[in-house]
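When reading the values below, keep in mind they use all heavy atoms of this one structure, side chains included, and skip hydrogens, waters and symmetry mates.
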Amino acid sequence: MEVTKPVSVFAIQDHQSSSPPTPIWKTVVVASIAAGIQFGWALQLSLLTPYVQLLGIPHKWAAFIWLCGPISGMIVQPVVGYHSDRCTSRFGRRRPFIAAGAVLVAIAVFLIGYAADIGRVSGDPLNDTIKTRAVAVFVVGFWILDVANNMLQGPCRALLADLSGTSASRTRMANALYSFFMAVGNVLGYAAGSFSKLHKMFPFATTQACDLYCANLKSCFFLSIALLLILTIIAFATVQETPINSADVAGAAEAGKPFYSQMLTAFRQLQRPMWVLLVVTCLNWIGWFPFLLFDTDWMGREVYGGTVGEGPRGKLYDLGVRAGALGLMLNSVVLGLMSLGVEFFGRGVGGVKRLWGGVNFLLALCLALTVLVSKLAASWRASLVGEIRQPPAGIKAGALSLFAVMGIPLAITYSIPFALASIFSHSSGAGQGLSLGVLNLGIVVPQMLVSVVSGPWDAAFGGGNLPAFVVGAIAAAASGLLALTMLPSPPSDQPETKDERT
């Protein structure tokens, strides 16, 4: 009697991802959705931390707002990935989730942009106290936005892997293109965030409860919704998926077994390459999140010496935040250029794992140098004897240079880990959606840790952002070391045919 080997709950018949790569232009069209997603995400990173403080939330508690993202990501991405691998809709497996995510983004952005107005109508005061109702509306909108972003990003990357077939080089190229369009979205978002007159395009955005800063943020979100919906519609109209039927997913998981029980079984069946990838990714993002969450706040506080609120120091803080938005735009330009060269530099250093490990050491160095720039700025302000002025050009240039250089490791972080997850999933017969959802846990767990710990940690050392940045530098260095010594190298490719490249 023949004994049948148990089927992994990761495994699924995947005709599309096991076929030859589709034309590159389809990959480009799907990857372009990242520009719409990242436009809104860039606005979050550059403007929302100052915005929540304007709503009355103290700096040390502002980090807890960012718990919305990792908690939703920890639940949503694996669930969406699992079900997108098995979706039998006539529209395809990934596209229904992408469409739902785009609609939810539009709803969430409306709630965030109009939080102050809704709070005022509900009874919030106009003074500087905590605007409780506005904060509640903002948090609800923020939760929905992060759920929507997770519904979009996981299926988008999984669809790119499907379109790449079994080609490892095409998978890396697809993720590099996704990273490039993330950079495009970042440039648009940070440029919009640094332009203080954008609210004039939407005169109705300025209200009694929503000042010019708030109206400018609201106007930026209007543009981000339009861009995302346009790019999503174009992708849906030009790129079709091959639907799967119930027979394709039969036997992919143990029949009748609860979903979360299947998920626990899936974790037990993870291969060693995925476990190492998860650990390296986790440490990598512990390095990134302190800076990504508080980069503009660092410019306003430590570099410019301002404080949140009115008066001369409040204006100085606003100038610092705007300068930080400019720095993020420079970061995104470098990110985009580096994304196009990932394959080239990977071959040049002898493999993508060496490239990832090396740039993590560069990230650690940049985070450590934020301490030097901050101390130089503080020393210069001390010499002014009470006079309030912007930092000199040299200090500004040093800070902006760090923003720009960090675009190099960010391009690798946005592409290589996801490409490796897709490649390792092909080797083990895993579904793309669930594999990428599992990898996302290596991102959201660090974000939860940083969101909970960074505020009190910084406060324990006198406030400011530098203590969290130092921890980030240590984590980035550890990530680089593990990537070089423990991360497996991906399998080599067979050369692509001419038909596969067109």
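- Under the side chain to side chain contact (heavy atoms under 4.5 Å, CB included) criterion, Val405 pairs with Leu362, Cys366, sequence neighbours left out.
- Within the 3.5 Å criterion, the main-chain N or O of Ala475 finds no donor-acceptor partner in the side chain of Ser479.
- Between the side chain of Ser164 and the backbone N or O of Leu160 there is at least one donor-acceptor pair closer than 3.5 Å.
- Counting only residues at least two apart or on different chains, the salt bridge (charged side-chain N to carboxylate O under 4.0 Å, His left out) pairs with a member in residues 336-348 are Arg172-Glu343, Glu343-Arg347.
- Within 6.0 Å of the CZ atom in Arg381, the count of heavy atoms belonging to other residues, nucleotides or ligands exceeds 12.
- Contact check for Met486 versus Lys353: no side-chain heavy atoms found under the 4.5 Å cut-off.
- Checking side-chain atoms of Ser379 against main-chain N and O of Leu376 turns up no donor-acceptor pair under 3.5 Å.
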Can you give the donor-acceptor pairs under 3.5 Å from side chains of residues 276-294 to other protein atoms, not counting sequence neighbours?
unit_1 : atom_1 : unit_2 : atom_2 : d
Thr281 : OG1    : Leu277 : O      : 2.7
Asn284 : OD1    : Trp356 : NE1    : 3.1
Asn284 : OD1    : Thr413 : OG1    : 3.2
Asn284 : ND2    : Asn360 : OD1    : 3.1
Trp288 : NE1    : Thr413 : OG1    : 3.0

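- With no hydrogens or angles considered, no side-chain donor-acceptor pair links Tyr414 and Asn175 at under 3.5 Å.
- When atom types are taken as modelled, the side chain of Arg157 and the backbone of Ala419 share no donor-acceptor pair closer than 3.5 angstrom.
- Within the 4.5 Å cutoff, side-chain heavy atoms of Phe361 are placed close to those of Leu484.
- The shortest distance between side-chain heavy atoms of Leu487 and Leu482 does not fall below 4.5 Å.
- Side-chain contact between Phe222 and Val109: absent, with no pair of heavy atoms (C-beta onward) separated by less than 4.5 Å.
- A 4.5 Å side-chain heavy-atom check between Gln38 and Phe181 finds every atom pair outside the cut-off.
- The closest donor-acceptor contact from the side chain of Arg313 to the backbone of Gly305 lies under 3.5 Å.
- At least one side-chain heavy atom of Trp380 sits under 4.5 Å from a side-chain heavy atom of Arg389.
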